[in-house]
Amino acid sequence: MARRNLFQPPAPPAEKPAEKPAPESKSRFPNTGAMSGVKSTLKDLSSNAVREIPPELIEEGGPKDRLAFSDADVAQLAESIRLHGQQVPVMVRPIADRPGSYRIVYGRRRLRALRLLGLPAKALVRALSDDEAILAQGQENAQRLDPSFIEKSLFAAELAASGYETAVILDALAIDKPMLSRMQKVARSIPEAVARRIGPAHGIGRRRWEELADLVNAHGLDLEALAETVLAPGADSSDGRFAQLATAAAAALRRAEPETAPPPLPCRWWRTTGSGWRRSAKRRGR
């Protein structure tokens with residue numbers, strides 16, 4: 001065997017055939033319509049720069065997916081932002097007929113905290129349609145604190161009243177049609193003013209809200225008047241206020257039911273001295 005020349009450089013390696021690019025995995029969501037706009041929006045979040053916008057240029061209009069947040073909640077968030085800065089940007093979209101003005105898509109509580117501090121808002125600016133804005137709002141909420149059942153119900157009702165299609169509402173809330181039907185029933189039966197007095201009630205699930213809605217529908221209960229009577233402003237927790245109202249509703253229905261008269265006691269008649277008759281009631285079991 002011939003020895004290899006140690007001073008001769010090795011032959012260059014043979015070129016490998018070009019590898020074919022791996023086929024892209026097919027998304028289970030279509031790249032059309034409102035969902036396409038939201039997907040491209042979420043995909044660009046990390047590549048686009050965050051802008052600083054004065055809070056007074058941002059409006060808070062549009063459907064709200066939260067019942068309310070207290071001044072204490074806003075103050076607590078404001079203190080966190082003061083100490084650590086705004087960690088998560090809000091999302092806004094331009095108002096077409098008012099250049100330089102914006103409408104909030106999500107991040108309402110952060111925006112109020114920044115207004116309280118007098119700081120500019122770090123914001124992602126997206127040119128979204130109404131449907132795309134609702135989908136982005138719903139997806140952002142799904143990744144953060146999940147809204148309660150009553151908050152989702154009222155949000156769905158507000159979207160429907162604003163003319164959004166059912167498909168958009170289903171996608172925004174990530175629910176199916178049967179669940180949407182249940183939410184709509186509760187939203188129709190429970191006055192919005194009562195729901196806002198109760199609050200989000202995160203510990204109260206769908207079944208208990210439906211039971212209260214069934215009481216209202218079956219007996220024509222005036223829930224607003226009852227809430228005025230039994231719910232003191234700021235009393236108890238949100239879950240506790242729901243329990244107070246549900247208990248008072250059940251008690252009111254019991255009071256409204258007519259009392260059933262007891263059955264007459266068995267009796268016997270006999271002739272007295274003279275021409276009269278006398279009746280004697282005899283209790284059963286004696």
Side-chain angles (χ1 to χ4, degrees), residues 59-78 104 106-113 115-116 134 137-138 140-142 144-162 164 169 172-173 175 179-257:
E59 292 185 355
E60 291 191 43
K64 297 177 178 59
D65 50 18
R66 304 285 179 184
L67 275 174
F69 31 80
S70 65
D71 293 340
D73 292 336
V74 175
Q76 184 179 7
L77 179 58
I104 192 76
Y106 59 69
R108 287 174 170 80
R109 191 164 64 104
R110 277 163 276 170
L111 180 61
R112 292 193 186 181
R115 283 176 176 163
L116 187 63
I134 290 299
Q137 182 179 355
E140 199 266 351
N141 278 325
R144 297 173 66 81
L145 177 64
D146 194 31
S148 66
F149 177 79
I150 190 62
E151 287 179 312
K152 289 181 178 180
S153 298
L154 295 178
F155 184 43
E158 186 175 358
L159 293 179
S162 299
Y164 288 93
I169 300 174
L173 292 172
I175 57 176
M179 179 57 71
L180 178 60
S181 177
R182 295 186 179 98
M183 290 179 173
Q184 289 172 334
K185 182 189 75 171
V186 169
R188 286 192 303 266
S189 306
I190 309 297
E192 183 179 349
V194 173
R196 294 193 178 279
R197 291 194 64 173
I198 292 174
H202 285 282
I204 307 300
R206 170 185 60 81
R207 180 180 58 82
R208 295 182 67 186
W209 280 106
E210 284 190 304
E211 288 174 352
L212 183 57
D214 290 339
L215 285 180
V216 174
N217 294 332
H219 303 279
L221 193 63
D222 188 350
L223 213 56
E224 290 191 69
L226 191 61
E228 288 287 341
T229 304
V230 301
L231 296 183
D236 213 335
S237 65
S238 182
D239 289 3
R241 289 192 292 273
F242 176 90
Q244 284 181 345
L245 186 60
T247 301
L253 292 178
R254 285 195 298 269
R255 290 193 301 268
E257 291 178 354

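The figures here come from the full heavy-atom set of this structure, side chains too, leaving out hydrogens, waters and symmetry mates.
Put simply, CZ on Arg109 and CD1 on Ile104 are 13.0 Å apart, with the number rounded to the nearest 0.5 Å. Rounding to the nearest 0.5 Å places CE of Met183 at 9.5 Å from CZ of Arg206. Atom CG of residue Leu180 and atom CG of residue Leu173 lie 7.5 Å apart, to the nearest 0.5 angstrom. Here Arg108 contributes atom CZ and Arg110 contributes atom CZ; the two are 11.0 Å apart, rounded to the nearest 0.5 Å. Rounding to the nearest 0.5 angstrom, the gap separating the NZ atom in Lys152 from the CH2 atom in Trp209 is 14.5 Å.
With hydrogens and angles disregarded, no donor-acceptor distance shorter than 3.5 Å links the side chain of Ser148 to the backbone of His202. Between the side chain of Ser189 and the main chain of Val216, no donor-acceptor pair closer than 3.5 Å is present.
Residues passing the salt bridge (Lys or Arg N to Asp or Glu O under 4.0 Å) test with Glu60 are Arg112, Arg115, sequence neighbours excluded. Every residue meeting the salt bridge (Lys or Arg N to Asp or Glu O under 4.0 Å) condition with Glu211, not counting sequence neighbours, appears here in chain and number order: Arg207. With sequence neighbours excluded, no residue satisfies salt bridge (Lys or Arg N to Asp or Glu O under 4.0 Å) with Arg188. For Arg208, there are no side-chain hydrogen bond (donor to acceptor under 3.5 Å, both in side chains) partners, not counting sequence neighbours. Remark: Ser162 pairs with Glu158, Tyr164 by the side-chain contact (heavy atoms from CB on, under 4.5 Å) rule, at least two apart or across chains. Listed by chain and residue number, Lys185 satisfy the salt bridge (Lys or Arg N to Asp or Glu O under 4.0 Å) test with Asp214 (two or more places apart in sequence, or in another chain).
Closest non-hydrogen pair, Ala157 versus Ala187, comes out as CB-CB, 3.8 Å. Nearest heavy atoms, Leu116 versus Ala78: CD2-CB, 3.9 Å. Between Leu154 and Ala195, the shortest heavy-atom contact is CD1-CB, 3.7 Å. Taking each heavy atom of Leu226 and Ala248 in turn, the nearest pair found is CD2-C, 3.8 Å. Here the closest non-hydrogen pair linking Ile169 and Ala160 is CD1-N, 3.8 Å. Across Ala201 and Ser238, no two heavy atoms sit closer than the pair N-OG, 2.8 Å.
Between Phe149 and Val186, the closest side-chain pair of non-hydrogen atoms falls below 4.5 Å. At a threshold of 4.5 Å between non-hydrogen side-chain atoms, the residues Glu228 and Arg197 count as touching. The side-chain heavy atoms of Leu223 and Leu212, taken from C-beta on, include a pair separated by under 4.5 Å. Contact annotation: the side chain of Ile150 never approaches that of Ile198 to less than 4.5 Å [non-hydrogen atoms, C-beta and beyond].
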